[in-house]
Participant: 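Got a structure here, written out as structure tokens. Questions coming.
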Amino acid sequence: MSELTLTVMRLGFLAVLWLFVIVSIQVIRSDLFGTRVTQRTARRAEAQRPAQRPQPQQAPQGGGGRRGRGRNAPSKLVVTEGSLTGTTVALQGQTITLGRAHDSTIVLDDDYASSRHARIYPDRDGKWIVEDLGSTNGTYLDRTRLTTPTPIPLEAPIRIGKTVIELRK
């Protein structure tokens, strides 16, 4: 083999080795920092907008029945811990779904949350109920793991993975 052929083979091997190193670094970087976070954030913003737009339309329909429920009835759901801290969802009598699925009312970007993790819904008496939907890591209401649908007291923490949610006035 000529000296030129051997040098070209060495340079080719060196180029393939560097390509492998660069691709490996990109894979590790995407595993650590994630590439889907920006996509989920956009989907989450789109999913929350429709839930907040119908507030003026739905309030008059349920207004008559809500007057008798008392002044202690919660009016919003607030995320107090986790990646969505500060997010508020108005309670308008609709079911609120929580999970990693893009069509959830609150999309949780959390490794400990299931696709369809839990739901929060009103019962006939005006109380709000939280129900675990068969999640792997469980839903906790004030440090107690839920096994059945349970009424939610005001400002009681609901923990799903790293996310904590509370009902407030």
Side-chain angles (χ1 to χ4, degrees), residues 1-55 74-92 94-121 128-150 152 155-168:
M1 248 192 277
S2 70
E3 188 70 29
L4 180 63
T5 307
L6 191 57
T7 303
V8 169
M9 286 177 52
R10 285 180 183 164
L11 289 175
F13 178 72
L14 188 61
V16 169
L17 183 63
W18 274 107
L19 183 66
F20 174 75
V21 169
I22 291 170
V23 168
S24 298
I25 290 172
Q26 287 177 342
V27 167
I28 291 170
R29 182 182 167 271
S30 69
D31 283 347
L32 288 176
F33 301 111
T35 55
R36 298 179 187 166
V37 174
T38 55
Q39 294 172 355
R40 283 190 172 177
T41 303
R43 288 181 190 164
R44 177 177 51 233
E46 290 173 8
Q48 288 178 349
R49 283 184 202 135
Q52 294 174 353
R53 282 182 191 158
Q55 291 176 8
S75 63
K76 60 187 172 182
L77 186 72
V78 180
V79 180
T80 57
E81 290 181 33
S83 61
L84 298 173
T85 300
T87 302
T88 302
V89 177
L91 299 176
Q92 297 293 323
Q94 77 277 13
T95 298
I96 297 170
T97 56
L98 305 137
R100 294 173 68 179
H102 66 86
D103 60 344
S104 297
T105 308
I106 299 178
V107 179
L108 303 175
D109 190 25
D110 189 340
D111 292 336
Y112 298 102
S114 300
S115 298
R116 309 257 186 259
H117 196 99
R119 71 180 178 138
I120 298 173
Y121 60 93
W128 286 87
I129 308 294
V130 61
E131 177 182 13
D132 185 83
L133 299 176
S135 64
T136 304
N137 295 314
T139 303
Y140 293 84
L141 177 62
D142 203 16
R143 297 185 187 153
T144 304
R145 186 170 179 155
L146 299 177
T147 55
T148 60
T150 307
I152 309 168
E155 298 184 11
I158 302 166
R159 180 173 295 277
I160 296 173
K162 298 175 185 175
T163 304
V164 177
I165 300 166
E166 294 178 0
L167 287 179
R168 296 196 178 158

Participant: What heavy-atom pair brings H102 and V107 nearest, and what distance separates the two atoms?
Facilitator: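 Scanning both residues completely, I find the closest heavy atoms to be O-CG2, 3.9 Å.
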Participant: Would you tabulate the side-chain donor-acceptor contacts of residues 3-25 under 3.5 Å, counting partners in other chains and residues two or more places apart, or write 'none'?
Facilitator:
unit_1, atom_1, unit_2, atom_2, d
T5, OG1, S2, OG, 2.9
T7, OG1, E3, O, 2.9
S24, OG, F20, O, 2.8

Participant: Between T97 and R119, is there a donor-acceptor pair closer than 3.5 Å when you use the side chain of the first and the backbone of the second?
Facilitator: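 No.
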Participant: Hey, what do you get for CD (E166) to CG (L77), rounding to the nearest 0.5 Å?
Facilitator: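 Reported value, rounded in 0.5 Å steps: 9.5 Å.
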Participant: Between S135 and D132, is there a donor-acceptor pair closer than 3.5 Å when you use the side chain of the first and the backbone of the second?
Facilitator: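 No; judged by distance alone, with no hydrogens or angles, the pair does not exist.
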Participant: Looking at every non-hydrogen atom in both residues, tell me the closest pair between L146 and V130 and how far apart they are.
Facilitator: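 Closest approach of L146 to V130: CD1-CG1, 3.4 Å.
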Participant: Where do T136 and R145 come nearest, in terms of heavy atoms and distance?
Facilitator: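 The answer is O-NH2, 3.4 Å.
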Participant: What's the shortest heavy-atom distance between R100 and L108, and which atoms?
Facilitator: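 Residues R100 and L108, closest heavy atoms: CG-O, 3.2 Å.
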Participant: Answer yes or no: is there a donor N or O on one side and an acceptor on the other, between the side chain of H117 and the main chain of G134, under 3.5 Å?
Facilitator: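 No.
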Participant: Got a second to check how far T80's OG1 is from I165's CD1, nearest 0.5 Å?
Facilitator: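 T80 atom OG1 to I165 atom CD1 measures 8.0 Å (nearest 0.5 Å).
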Participant: Minimum heavy-atom separation for Y112 and G161, please, with both atom names.
Facilitator: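 Between these two residues, the closest heavy atoms are CB-CA, 3.7 Å.
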Participant: Can you check whether A156's main-chain N or O pairs, donor with acceptor, with D142's side chain at less than 3.5 Å?
Facilitator: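 The answer is no, because no donor-acceptor pair under 3.5 Å joins these two groups.
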Participant: Rounded to the nearest 0.5 Å, what separates atom CD1 in I106 from atom OG1 in T163?
Facilitator: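 The CD1 atom of I106 sits 9.0 Å away from the OG1 atom of T163.
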